[in-house]
Amino acid sequence: MSDNDTLLTTTSGLTTTTSGLTTTTPGLTTTTPGNFIRHIIDDDIATNKNDGKVVTRFPPEPNGYLHIGHAKSICLNFGIAEDYNGTCHLRFDDTNPHKENAEFVQSIQDDVRWLGYDWGKQHFFASDYFEPLYDFAVQLIEKGKAYVCDLSAEEMRKYRGTLTEPGKDSPYRNRSAEENRELFAKMRAGEFADGSKVLRAKIDMAAPNINLRDPTIYRIRHGVVHHQTGESWCIYPMYDYTHCLSDSLEGITHSLCTLEFADHRPLYDWFLNTLETPCHPQQIEFSRLSLQYTIASKRKLTSLVNDGHVEGWDDPRMPTIAGMRRRGYPAAAIRDFCVRIGVTKSDNTVEMGVLENCVRENLNEHAPRRMAVLNPLKVVITNYPEGQVEQLTVANHPQNEDMGTREIPMSREIVIDQNDFLQVAPNKKFKRLVHGGEVRLRNGYVIRCDEMIKNEQGDIIELRCRYDPATLGASPEGRKVKGVIHWVSAAQGISAEVRLYDRLFNHPAPDAAKDDQDYAAHLNPESMLTLTRCVLEPALGETEDGEYFQFEREGYFCKDQAVTADHSPVFNRTITLRDSWAKIEKQAAQSG
RNA sequence: UGGGGCGUCGCCAAGCGGUAAGGCACUGGGUUUUGAUCUCAGCAUGCGCAGGUUCGAAUCCUGCCGCCCCAGCCA
């Protein structure tokens, strides 16, 4: 995959439910919407092409972490393999040791596995084929279809011609097979300096498709230690040459890649037609994914990390798989997203709302509910017995009894969120607590605010309220209390740090300006807000990293691996709850 | 003035000659001890434009227009 690339893709038959065809293949029933690639495969199976087998592959280059665009490709390739009872290989396209490393190889494996896919024994490296690839090159030379060229990179560019003018033959184009074989052997033996020679396919310097103007297939690279092959090679094959042959060697039937490789297909086919190979996979191109408010170019993601704009590849604001995992996005939500966006050949930019909807939908169903106060305001219940602590039994999920219950303590002093109290209601739709008004404590009693205590600056620092003992699990007598707010008993609550995340960029297309500089100017300065005085209900005291919850009325949160200096837990806000109040507030403000 | 790809609702996306699926978003109603969830309803006489073929065209033909990709010894 490329440097600027976004890979993309969709669909998978995992646990997602979407409308669409229900295909029953031996052993499994899935509901995965069809797409043009699946239609092609259906036809191939109908005509018994490849003996009805389906073998795909996900071929990342280990030069960075996987991002949401790769998720599309992973779901497409592994999803198809699953649905057609085929296999999907994980193959690292590691032909450029200069940019690749073992950390990336590891992270890619972790991410694919986390997404829910298993390549079984089908784990390969293009570098596994360096020896056979070398032999194929010799075969090309013997057929008079490749030659060693001494032109410099710059000269080669001049000889290549332009988009509208044909190129011209290299003066080295007609070397004999013997001479080429000898020269190529010396290239491998390390007798030539970097850049002094390359091996080129001999095709057609006047081809309208520039990829066919005698493309380079081997270059010399001394002094780099390849993460898999060490220093055993000083010549490395190029992508176009390596990919098709690797596919063939592995018996891939359908080689799915992104649109920009469509121009390379003639080359893909040329190598396979020219050489004696095991099989001829079919390359099919689909469009990459663009997600609003994010960038998906590995080059730029790398610079976000290296320039310190984020804290690492797994920063919760990053559109990387690792970042989304740490942010708390469930793998199933990402898979669902990949199914929903579809697979086509048209350019597309998906709105963040689609991904967010997938995350909320999944979390709403699976996240246990808890109460947590992010911006605490002390409340003393004046008529509540001093020293008394009640344990209230509350449901972990309002719509799913199977998720059980938990106990939450209630006492004379509690904390509520500062945003849930206003001295005077700003409009008639406001239904939280106001001075002199009533509100229900979620899962608890109805309280009335009698008094506000302020500091010298006039800030409200404490509320004095009374509770109605008859309102636990019951409506109050003769009046309606519409508002419900969350709270935590002050003495029993545990302190925590909560990180509120927002989009990394404040421009829908930070990538739009093609120059690599611009995107940084669109970084959202408020993409992370850290709250350090949060109070969580006791049940949140023992949680594992990665465990997620809905903090009622606030959003979905996930326990982070970090811990504060005083050993308090840290939670990341995955996403807020849908907020129709924000809209009402705006309208109310306009209409009074 | 080269080659390749693409244009169906704000964003995705079905459709493959028989009279515009679905999702997200949005709007309005109902339920609700999360302003959440859930639920009901609405949301393209129209498929880049213009002609043509046909009883019938988003689907076929012709011609335009627009957008994306390609001149790495990157993938």
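A note on names: the letters A, B, ... follow the listed sequences, proteins ahead of strands, and every chain is numbered from 1. Quick caveat: nothing in here was measured; it's all calculated off a predicted structure.
Across all strands, A/Thr216 comes closer than 4.0 Å only to sugar-phosphate atoms, never to a base (heavy-atom distances). Within the nucleic acid shown, A/Leu151 comes within 4.0 Å of at least one base atom, counting heavy atoms only. Here A/Gly195 lies in heavy-atom contact (under 4.0 Å) with a base. No engagement by A/Arg213 is indicated, since no non-hydrogen atom pair under 4.0 Å with the nucleic acid exists. Base contact: A/His264 has a heavy atom under 4.0 Å from a base atom. Looking at heavy-atom distances under 4.0 Å, A/Thr242 makes no contact with the nucleic acid at all. When heavy atoms are screened at a 4.0 angstrom cut-off, A/Met238 is found touching the sugar-phosphate backbone but no base atom.
Shown here is A/His222, whose NE2 atom has more than 12 heavy atoms of other residues, nucleotides or ligands within 6.0 Å.
Contact between the side-chain N/O atoms of A/Ser346 and the OP1/OP2 oxygens of B/A13 is found at a separation under 4.0 Å. Contact annotation: A/Arg200 side-chain N/O to B/G72 OP1/OP2 distance is not under 4.0 Å. Within the 4.0 Å cut-off from OP1 or OP2 of B/G15, at least one side-chain nitrogen or oxygen of A/His39 is found. Remark: A/Thr344 is in phosphate contact with B/A13, judged by side-chain N or O atoms under 4.0 Å from OP1 or OP2. For the pair A/Lys583 and B/U27, the criterion of a side-chain N or O lying under 4.0 Å from OP1 or OP2 is met.
The distance between the ring centers of A/Tyr293 and A/Phe505 does not fall below 6.0 angstrom. For an aromatic pair to be called close, the ring centres must be under 6.0 Å apart, and A/Tyr241 with A/Phe271 satisfies this. Between A/Tyr268 and A/Phe261, the ring centre distance reaches or exceeds 6.0 Å.
With RNA chain B read from its 5' end, the first of the two nearest nucleotides for A/Glu100 and A/Val350 is the one closest to A/Val350.
Taking only side-chain atoms of A/Arg221, from C-beta outward, the nucleotide of B/C73, B/C16, B/G3 with the closest atom is B/C73. Among the nucleotides B/C73, B/C74, B/G5, the one closest to any side-chain atom of A/Lys99 is B/C74. Checking B/G4, B/C73, B/A71 against the side-chain heavy atoms of A/Ala262 singles out B/G4 as nearest. Closest to the side chain of A/Asn348, out of B/G23, B/G5, B/C12, is B/C12. For A/Leu163, whose side chain is taken as the heavy atoms from C-beta onward, the closest listed nucleotide among B/G5, B/G3, B/A71 is B/A71. Distances were taken from every side-chain heavy atom of A/Asn96 (C-beta onward) to each of B/C69, B/C74, B/C24; the shortest belongs to B/C74. Of the candidates B/G15, B/C73, B/C24, the closest approach to any side-chain atom of A/Arg340 belongs to B/C24.
Nucleotide B/G23 holds its P atom 19 Å from the CD atom of A/Glu356, rounded to whole Å. In this structure, CG of A/Asn211 is placed 14 Å from P of B/C74, rounded to the nearest angstrom. If you measure from atom CG of A/Asp204 to atom P of B/G3, you get 14 Å, rounded to the nearest angstrom. In this structure, the CG atom of A/Asn35 is 15 Å from the C1' atom of B/G22, given to the nearest Å. If you measure from atom NZ of A/Lys168 to atom P of B/G2, you get 22 Å, rounded to the nearest angstrom. The CG atom of A/Asn209 sits 7 Å away from the C1' atom of B/G4 (whole-angstrom rounding). The interatomic distance linking A/Phe261 (CZ) with B/C68 (C1') rounds to 15 Å, in whole Å. Atom CZ of A/Arg288 is separated from atom C1' of B/G5 by 14 Å (rounded to the nearest Å).
Atom C1' of B/U34 sits at a distance of 48 Å from the matching atom of B/C16, rounded to the whole Å. Spacing of P atoms, B/C73 relative to B/G3, comes out at 23 Å, to the nearest Å. Straight-line distance between the C1' atoms of B/G46 and B/A21: roughly 15 Å, to the nearest whole Å. Rounded to whole Å, the P atom of B/U53 lies 15 Å from the corresponding atom of B/C61. If you take atom P in B/C43 and the same atom in B/G22, they sit 11 Å apart, rounded to whole Å. Atom P of B/G7 sits at a distance of 13 Å from the matching atom of B/G15, rounded to the whole Å. On the P atoms, B/U59 is 16 Å away from B/U54, given to the nearest whole Å. The P atoms of B/U45 and B/A36 are separated by 31 Å, rounded to the nearest whole Å.
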Item to complete: Determine, stepwise, if the pair A/Phe184 / A/Tyr134 fulfils ring pair (Phe, Tyr, Trp, His ring centres under 6.0 Å).
Response: CA-CA 9 Å; A/Phe184 187 48; A/Tyr134 179 85; 4.7 Å; yes
Practice prompt. Please lay out, stage by stage, how A/Tyr556 and A/Gln550 fare under the test side chain to side chain donor-acceptor pair (under 3.5 Å).
Written response: CA-CA 4 Å; A/Tyr556 295 97; A/Gln550 180 194 103; 3.2 Å; yes
Discussion item. Applying salt bridge (charged side-chain N to carboxylate O under 4.0 Å, His left out) to A/Asp194 and A/Arg219, what does each step give before you reach the verdict?
Written reply: CA-CA 8 Å; A/Asp194 285 13; A/Arg219 75 285 213 179; over 6 Å; no
Worksheet item: Going through the distances and angles, do A/Phe36 and A/His39 end up as a ring pair (Phe, Tyr, Trp, His ring centres under 6.0 Å)?
Response: CA-CA 5 Å; A/Phe36 81 100; A/His39 293 333; 8.4 Å; no
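When both distances must be under 3.5 Å, the Watson-Crick or G-U wobble mate of B/C49 is B/G63. In this entry B/A41 has B/U27 as its Watson-Crick or G-U wobble partner, both defining distances falling under 3.5 Å. When Watson-Crick and G-U wobble pairs are counted only if both distances are under 3.5 Å, B/G22 pairs with B/C12.
B/G42 adopts an anti glycosidic conformation, its chi angle falling more than 90° from 0.
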Worksheet item: Quick one: what's the B/S/- string for nucleotides 29-43 of chain B, heavy-atom cutoff under 4.0 Å, read 5' to 3'?
Response: ----BBBBB------
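Screening A/Lys431, A/Lys480, A/Arg448 for a salt bridge (Lys or Arg N to Asp or Glu O under 4.0 Å) involving A/Glu438 leaves a single residue, A/Arg448.
Side-chain contact of A/Ser127 with A/Asp94: a donor-acceptor pair under 3.5 Å is present, judged by distance alone.
The base of B/G10 lies close enough to the side chain of A/Glu351 for a donor and an acceptor atom to sit less than 3.5 Å apart.
The CG atom of A/Asn443 sits 8.0 Å away from the CG atom of A/Leu392 when rounded to the nearest 0.5 Å.
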